[in-house]
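To keep things clear, I will list the structure first and then write my remarks on it.
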Amino acid sequence: MKALILNSGLGSRMRVLTKEHPKCMTDLPFGESILSRQLRLLSECGVEEACITTGYYDKVLADYAESLEKRPRLTFVKNERYAETNYIFSIYRAISRLEGDILLLHGDLVFQKTLLFKVLASPKSCMTVSSTQPLPEKDFKAVVKEGRIKAVGIHFFESAVAAQPLYLLKEADKKVWFEEIKRFVEEGNDKVYAENALNEVSDRMELVPLDVLDALDAEVDTPEDFDAVSELVRKCGESLAGKDEMC
């Protein structure tokens, strides 16, 4: 299994926290950064390789990731146009390296180990959602009908649940989505979410919601997000006597 981790963005909403490094290198409790935590959990759950897209501070990010001990094998793909495109272009740049089933996640996502196990064990393509969390105003929601995800975006509220960009993509569904991403980008439509392309072809995919309920599964977009997620990580680790075994 290979993971694609999207880390090309500027992270400008984090303000001073990303002044000298990409957002994913921001430190969390227990001596880990967002990225080192992701890579450790991926490795512990059996993911053997991770492709990381870079852009902002690309060499700083690559050198840091390579220095970590607990990680899968790493490859890097730079989005040279990171300041003017959305991550749909980063995915486009990485497509040729992504054979077979893949795990797709954003580089600012913090999640529990138990959740990752469930995602990797899914027999179908899936995206993590929460039926117990309130619908966010400005973040991703997934429209779910008849047990399948029909659309993902920030503007959907009807028949929707809170969603996070952590996907397991089986080969057939990945091919459908990525072919549409290629069409978008090659037609010059590279400033939108990759999910805009997904929404055009969701009826040809079998993408199901994986309900994580109240498990830790959150993006870090702002300093306020960072403070909230850091507290959740701290509580999770403390509940296991600091071992962080399943968090």
From Lys113 atom NZ to Cys236 atom SG, the distance as rounded to the nearest 0.5 Å: 11.5 Å

Closest contact, heavy atoms only, Val201 versus Trp177: CG2-CA, 4.2 Å

Backbone of Asp225 reached by a side-chain donor or acceptor of Thr222 within 3.5 Å: yes

Nearest-0.5 Å distance, CD of residue Glu32 to CG of residue Leu39: 10.0 Å

Donor-acceptor contact present, side-chain Arg204 to main-chain Val176, <3.5 Å: no

Within 6.0 angstrom of Glu186 CD, more than 12 heavy atoms from elsewhere: yes

Heavy-atom pair of closest approach, residues Ala197 and Glu180: O-CG, 3.4 Å

Cluster overlap Val220 with Leu28, hydrophobic side-chain contacts below 4.5 Å: yes

Atom pair CG/NZ of Leu42 and Lys70 - distance to nearest 0.5 Å: 14.0 Å

Pair Tyr193 and Phe140, ring centroids less than 6.0 Å apart: yes

Heavy-atom side-chain contact between Pro22 and Asn7 under 4.5 Å: no

Lys124 atom NZ: more than 12 heavy-atom contacts under 6.0 Å: no

Distance under 6.0 Å and angle within 45° of ring axis: Arg81 vs Phe89: yes

Distance (rounded to the nearest 0.5 Å) between Glu195 CD and Ser202 OG: 11.5 Å

Check: Thr75 and Arg97 side chains under 4.5 Å, non-hydrogen atoms: yes

Side chains of Phe184 and Glu200 in contact at under 4.5 Å (non-hydrogen atoms): yes

Option among Thr53, Thr85, Asp58 that satisfies the side-chain hydrogen bond (donor to acceptor under 3.5 Å, both in side chains) test with Ser8: Thr53

Residue pair Leu135 / Ala160: nearest heavy atoms and the distance that separates them: CD2-O, 3.6 Å

Heavy-atom pair with the smallest gap, counting every atom of Leu168 and Val119: CD2-O, 3.2 Å

Note: Glu206-Lys170 ion pair, threshold 4.0 Å (strictly below): no

Ser230 side chain to Phe226 backbone, donor-acceptor under 3.5 Å: yes

Would you be so kind as to tabulate the donor-acceptor pairs closer than 3.5 Å made by side chains of residues 98-111, with sequence neighbours excluded?
from: Asp101; atom 1: OD1; to: Glu171; atom 2: N; distance (Å): 2.8
from: His106; atom 1: ND1; to: Glu219; atom 2: OE2; distance (Å): 3.0
from: Asp108; atom 1: OD2; to: Lys23; atom 2: NZ; distance (Å): 2.8

Pairwise distance OH(Tyr57) to SG(Cys24) - rounded to 0.5 angstrom: 13.0 Å

Which atom of Ala142 lies closest to which atom of Val129, heavy atoms considered: CB-CG1, 4.1 Å

Glu187/Arg183 ion pair, N-O < 4.0 Å: yes

Beyond-backbone contact of Lys141 with Val152, side-chain heavy atoms, under 4.5 angstrom: no

Note, Met127 side chain near Leu210 side chain (heavy atom, < 4.5 Å): no

Whether Gln112 side chain and Leu216 backbone form a donor-acceptor pair below 3.5 Å: yes

Side-chain touch Glu137/Phe157, heavy atoms, less than 4.5 angstrom: yes

Glu48 and Arg73, any side-chain heavy atoms less than 4.5 Å apart: yes

Any donor-acceptor N or O pair under 3.5 Å, side chains Asp217, Thr128: yes

Spacing of CZ belonging to Arg40 relative to SG belonging to Cys45, to within rounding of 0.5 Å: 9.5 Å

Tyr64-Phe76 co-clustered via ILVMFWY side chain contacts under 4.5 Å: yes

Partner of Cys126 under side chain to side chain contact (heavy atoms under 4.5 Å, CB included), chosen from Val208, Asp211, Asp173: Val208

Exercise: identify the closest heavy-atom pair between Ala218 and Val229: CB-CG2, 3.8 Å

Check: Asp227 and Glu224 side chains under 4.5 Å, non-hydrogen atoms: no

Salt bridge (charged side-chain N to carboxylate O under 4.0 Å, His left out) assessment of Lys150 paired with Asp203: CA-CA 7 Å; Lys150 299 297 185 179; Asp203 59 334; over 6 Å; no

